[in-house]
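Written out below as structure tokens is the structure these notes cover.
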Amino acid sequence: METESEPYVRLASLRQLHRGMAEMNTARSLADTLQTVADGAVGALGYELACVNLVRPDGDLVVAAFAGNPAAEALITGRVGSRDSWNRRLNMGERWGELVFIPHTEGWVLDDDDVPQWYTDGPAPRFEDEWHPADRLFAPMYSPGPGGSSGELLGVLSVDRPRNGRRPGAWGREALQMYAFQAAIAISNARLRSNMQRALVRLEREQQALRASEESFRQAFEYAPSGMAIAEMGGEQHGRILRTNDALCRLLGRPASAMRRYSFSDLVHPEDIGTLLRTSAEGGRAELRLGRRDGTYVWVSLRNSVVADAADGPRFLLTHVEDIEERKRRELQLAHRASHDSLTGLPNSAELRSRLAARLCRRPQSLQSADMADSIDAAYGHPSAYDTPSHGFDYGAAAETYEAFDHHVHTVAPEDDHDDGAKGLAVLFCDLDGFKSINDRFGHNAGDAVLIEVARRLSRGVRDGDTVARLGGDEFVILANGLGRADAQDLAVRLRNEIIQPIRAEGRAVRVGASFGIGWAHCGMTADEVLKSADERMYVEKRSRPKQQRRAG
């Protein structure tokens, strides 16, 4: 930076100063801001050394950033000087506006105080305005006060050894003072951002301080690293989004202007609308999916709090939106691993029983008879037929029993003796024939390859919505709803014909057969009872076929 002896200030110097100020205000954190202040004093103002001393909550000053000399930086960074010692320094020497200059002729009295400092060597000055190694120049940084006045002391910027070797002139002093003023603003803003989470918690707990903390809230909201939204509460526009921050707009790929046309109920996945509606306004939390602009959905965690006005009551809803897509993906992967076979990727035994049990209810004994169910239906349609004690029918108990199953479609098996066209939930139990010999002759890798291919062929041979599961070993189960007896038998034949085709395993063609047992599920049975029935029918079918035929399929 040029001295006052220069007849003009170069445009390059102004650009350096402007660049240094801009970098201070774009730093991402308080630590980055402090280091940028120190670096700017070296790079933009032309000093060889710069140190930022930051005021701590207890009033003492800590060396928070240093630039220009790595050795000195390692020596004093993090060290603390007392407020009394700093007040002594700032009240002595020469006043250059807001700056404090302590020449070497006076500074020797400070050599033994507790303020962290570095020592530089050099010859004595040869002319009046030459910089001496023991000269000290401080630029106090005050927070902006009302009417342009100075507020509280935030810290002190210390600079040393101007590159031109001279004490700064009028322009250099003005530039340093201006830089310190802008640095104070940048530090104030950085502190505000770093205290964002505490500000949000305080806003939630101290709703009546909203108006007094409006500027703090605005800064915290805009610079929040995760999504934030403010929605209207009450009235005809209840739930409409009034304001969003950049993080939420980036997460959903939607501009802020477009977000104001929606409420969260417009953006939530259709399957999660119930979760959103069950989420309470105050302190409510929910995990659900929100729609992106490209039509995809992202898993988020919502946390609500009501920001209230002391006079008018609740005013709006503050919603914190956190991206949990990666965690949900891991949870779904773990859930899939727990419910699916690791080798074939098919649902495992536990998942098969869960799906089967979900279709069956344990119907009370009073409803096991079709005649009894018809009686209850008749009673609902004609209650007068059962309004006398002589009939012996407990109408109230039957009505309660009927209501318990009013919304459940009972699973009923077709008749055993003949195919009357009835359709039910068929359970096909499949056991591979000749599989053990493949394991014994060619090894388990070949056996695994056979199981994987059989799983693929079974999955390919059933309809969408049917379940193919691996029960364990070489046993598979197929759940196929809406089939009659002839349909189930045809399905078993088609699947057997698929399985008996040659399979490539470990570079060779092998063959296995398959035996199928067809069971039928109906309400009143447990999942284990259904599977046992199908298993028994499979063994009957296996024993009824010659051994050679079983091997050939």
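Below, each value reflects all heavy atoms present in this structure, side chains not excepted, and no hydrogens, waters or symmetry copies.
- Across all non-hydrogen atoms, the minimal contact from D466 to A480 is OD1-CA, 3.5 Å.
- Panel note: side chain R285, backbone S301; no donor-acceptor pair is recorded below 3.5 Å.
- For the residue pair S515 / D433, a side-chain donor-acceptor distance below 3.5 Å is found, with atom types taken as modelled.
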Derivation and outcome, side chain to side chain contact (heavy atoms under 4.5 Å, CB included), residues L290 and Y297: CA-CA 5 Å; L290 293 180; Y297 287 88; 5.7 Å; no

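- Looking only at side-chain heavy atoms (C-beta outward), V321 and S226 stay at 4.5 Å or farther from each other.
- Here the straight-line distance linking atom CE of M538 with atom OG of S533 works out to 12.0 Å at 0.5 Å rounding.
- Test R327, K328, R329 against E325 for salt bridge (charged side-chain N to carboxylate O under 4.0 Å, His left out) and you get one pass: R329.
- For the pair H340 (side chain) and H336 (backbone), a donor-acceptor distance under 3.5 Å is present.
- In this structure a side-chain-to-backbone donor-acceptor pair under 3.5 Å is missing from R457 to R460.
- For CZ of R292, the number of neighbouring non-hydrogen atoms (other residues, nucleotides, ligands) closer than 6.0 Å is greater than 12.
- In terms of heavy atoms, V450 sits closest to A505 at CG2-CB, 4.3 Å.
- Between atom CD of residue E326 and atom CD of residue E331 there is a gap of 11.0 Å, rounded to the nearest 0.5 Å.
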Pair N304-H320, side chain to side chain contact (heavy atoms under 4.5 Å, CB included): steps then yes or no: CA-CA 6 Å; N304 293 329; H320 178 257; over 6 Å; no

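- Residues S263 and D266 have side chains that bring a donor and an acceptor to within less than 3.5 angstrom of each other.
- In this structure, R456 CZ and E498 CD are separated by 8.5 Å, a value rounded to the nearest 0.5 Å.
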T36 and D39: CA distance, side-chain angles, deciding distance, side-chain hydrogen bond (donor to acceptor under 3.5 Å, both in side chains) verdict: CA-CA 5 Å; T36 304; D39 293 340; 5.5 Å; no

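- Inspection of the D294 and T296 side chains reveals an N or O donor paired with an N or O acceptor under 3.5 Å.
- Here the straight-line distance linking atom CD of Q489 with atom CG of L428 works out to 10.0 Å at 0.5 Å rounding.
- A cation-pi arrangement is not found for R243 relative to F316, the charged atom failing to lie both closer than 6.0 Å to the ring centre and inside a 45° cone about the ring normal.
- G78 and V62 make their closest contact through O-CG2, 3.6 Å (heavy atoms, listed as atom of the first residue, atom of the second, distance).
- Once rounded to the nearest 0.5 Å, the distance linking OG of S265 with CD1 of I241 reads 8.5 Å.
- Panel note: side chain R250, backbone N245; no donor-acceptor pair is recorded below 3.5 Å.
- F221 places a side-chain heavy atom less than 4.5 Å from the side chain of I230.
- In this structure, the side chain of S354 does not engage the main chain of A350 through any donor-acceptor pair within 3.5 Å.
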Let me see the working for L267 and R254 under side chain to side chain contact (heavy atoms under 4.5 Å, CB included), right down to the final yes or no. CA-CA 11 Å; L267 299 172; R254 301 176 187 269; 3.8 Å; yes

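- Under the 4.5 Å side-chain criterion, counting only non-hydrogen atoms from C-beta, L483 is in contact with L491.
- Ion pairing between D535 and K532 fails under the 4.0 Å rule for side-chain N and carboxylate O.
- For the atom pair L288 CG and I273 CD1, the distance stands at 9.0 Å (nearest 0.5 Å).
- The side-chain heavy atoms of T344 and V468, taken from C-beta on, include no pair separated by under 4.5 Å.
- R240 places no side-chain N or O within 3.5 Å of a backbone atom of R261 that could act as its donor or acceptor partner.
- L432 has its side chain within reach of I499: a pair of non-hydrogen atoms, C-beta onward, lies under 4.5 Å apart.
- Nearest approach of T467 to P347, heavy atoms of both residues: CG2-CG, 4.4 Å.
- Here the shortest heavy-atom pairing between G239 and A231 reads O-CB, 3.8 Å.
- Side-chain contact between F442 and V510 is present, with heavy atoms from C-beta onward closer than 4.5 Å.
- A salt bridge links D487 and K423; the closest N-O separation between the charged side-chain nitrogens and carboxylate oxygens is under 4.0 Å.
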Using the rule given for side chain to side chain contact (heavy atoms under 4.5 Å, CB included), can you reason through L248 versus M259, listing the C-alpha separation, both sets of side-chain angles and the distance that settles it, and then say yes or no? CA-CA 10 Å; L248 182 57; M259 290 291 292; 4.1 Å; yes

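- Under a 3.5 Å cut-off, the side chain of R494 and the backbone N or O of N497 do not form any donor-acceptor pair.
- Heavy atoms only, all atoms of each residue included: G227 and A247 are closest at N-CB, 3.9 Å.
- None of D341, L451, L495 except one satisfies the side chain to side chain contact (heavy atoms under 4.5 Å, CB included) rule with F476; the exception is L451.
- The closest donor-acceptor contact from the side chain of S437 to the backbone of G434 lies under 3.5 Å.
- The shortest distance between side-chain heavy atoms of V300 and E287 does not fall below 4.5 Å.
- Under the 4.5 Å side-chain criterion, counting only non-hydrogen atoms from C-beta, R359 is in contact with L425.
- By the side chain to side chain donor-acceptor pair (under 3.5 Å) test, D272 pairs with R289, sequence neighbours left out.
- Classification of R537 and E541 as a salt-bridged pair fails, no side-chain N sitting under 4.0 Å from a carboxylate O.
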